[in-house]
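Read through the structure below, which is laid out as structure tokens, and then see the notes.
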Amino acid sequence: MATFWTLGCDADDPQRIAAFWALALGYVKESGFDEPDNASIVDPDGRGPAIGFLKVPEGKSAKNRMHIDIRVAGPGPWDMAERARLIRQKVPELVAAGATVVREEWYGDVLGHVVMHDPEGNEFCVA
């Protein structure tokens with residue numbers, strides 16, 4: 001049995017970044033975390049970990065050592081053409097929510113993933 005865990009994240013605006021990641025991951029706000037200095041989101045199905053956001057005074061200063069990959073096609077193996085279509089469908093939704101595209105990564109002639117920044121500049125991939 002796996003250990004229950006939460007991903008903890010530093011943030012400039014915890015409520016804003018929690019709202020972005022809730023949209024990106026299909027999560028919902030966790031009740032009891034409504035203060036300006038903290039926020040938490042949870043998987044509504046109870047399968048994925050909670051993600052907490054805590055306000056910190058310093059800004060982001062370097063590349064993330066870990067990041068989230070949003071796997072739009074679910075678990076593999078994948079139909080790579082359908083996976084690419086799903087990636088191209090998700091990216092504009094995230095841009096509209098405040099993310100920015102950094103670059104596309106290709107595996108030969110197949111779209112592998114899109115590297116993006118969330119609204120606070122944290123790297124993540126849509127894969």
The complete set of salt bridge (charged side-chain N to carboxylate O under 4.0 Å, His left out) pairs with one or both residues in residues 4-23, sequence neighbours excluded, reads D12-K55
*asked:* Looking at F4, I'd like to know if its CZ atom is crowded, meaning that more than 12 non-hydrogen atoms belonging to other residues, nucleotides or ligands lie closer than 6.0 Å.
replied: no
Practice item. Return yes if some donor-acceptor pair links the side-chain N/O of D69 with the main-chain N/O of R71 below 3.5 Å, else return no. Key: no
* To do: State, yes or no, whether a side-chain contact exists between Y27 and S40 at a heavy-atom distance under 4.5 Å.
  => no
Partner of M116 under side-chain contact (heavy atoms from CB on, under 4.5 Å), picked from T100, I70, V91, is V91
To the nearest 0.5 Å, atom CD1 of I68 lies from atom CD1 of I51 at 4.5 Å
TODO: Kindly indicate whether the side chain of L23, heavy atoms from C-beta on, has any atom under 4.5 Å from the side chain of E93.
DONE: yes
* Asked: Taking the six-membered ring for Trp, are F124 and W21 parallel (under 30°), tilted (30 to 60°) or perpendicular (over 60°)?
  -> perpendicular
Is there a side chain to side chain contact (heavy atoms under 4.5 Å, CB included) between Q15 and F33? Walk through the geometry before answering.
CA-CA 9 Å; Q15 295 299 326; F33 293 91; 5.5 Å; no
With hydrophobic residues grouped by side-chain heavy-atom distances under 4.5 Å, do V110 and W78 end up in a single group? yes
d(F53 CZ, L7 CG) to nearest 0.5 Å is 7.0 Å
Residues passing the side chain to side chain contact (heavy atoms under 4.5 Å, CB included) test with L54, sequence neighbours excluded, are N38
Heavy-atom nearest pair, A11 first then I17, reads CB-CG2, 3.8 Å
- Query: Do H117 and V102 come within less than 4.5 Å of each other through their side chains, counting heavy atoms only?
  - Reply: yes
query: Given the rule that I, L, V, M, F, W and Y join up when any side-chain heavy atoms are under 4.5 Å apart, are V101 and V115 in one cluster?
result: no
Are any non-hydrogen side-chain atoms of I87 and E104 less than 4.5 angstrom apart? no
Query raised in the report: Hey, is the main chain of A62 close enough, under 3.5 Å, to the side chain of K60 for a donor-acceptor pair?
Result: yes
Correct closest heavy-atom pair for Y107 and G112 would be CE1-CA, 3.2 Å
Is a side-chain donor or acceptor of E30 paired with a backbone partner of A39 at a separation under 3.5 angstrom?
no
Any sub-3.5 Å donor-acceptor pair from E123's side-chain atoms to N64's backbone N or O? yes
> Do the side chain of R83 and the main chain of G74 share a donor and acceptor less than 3.5 angstrom apart?
Replying inline: no
dist M80:CE -> L111:CG (nearest 0.5 Å) comes out at 8.0 Å
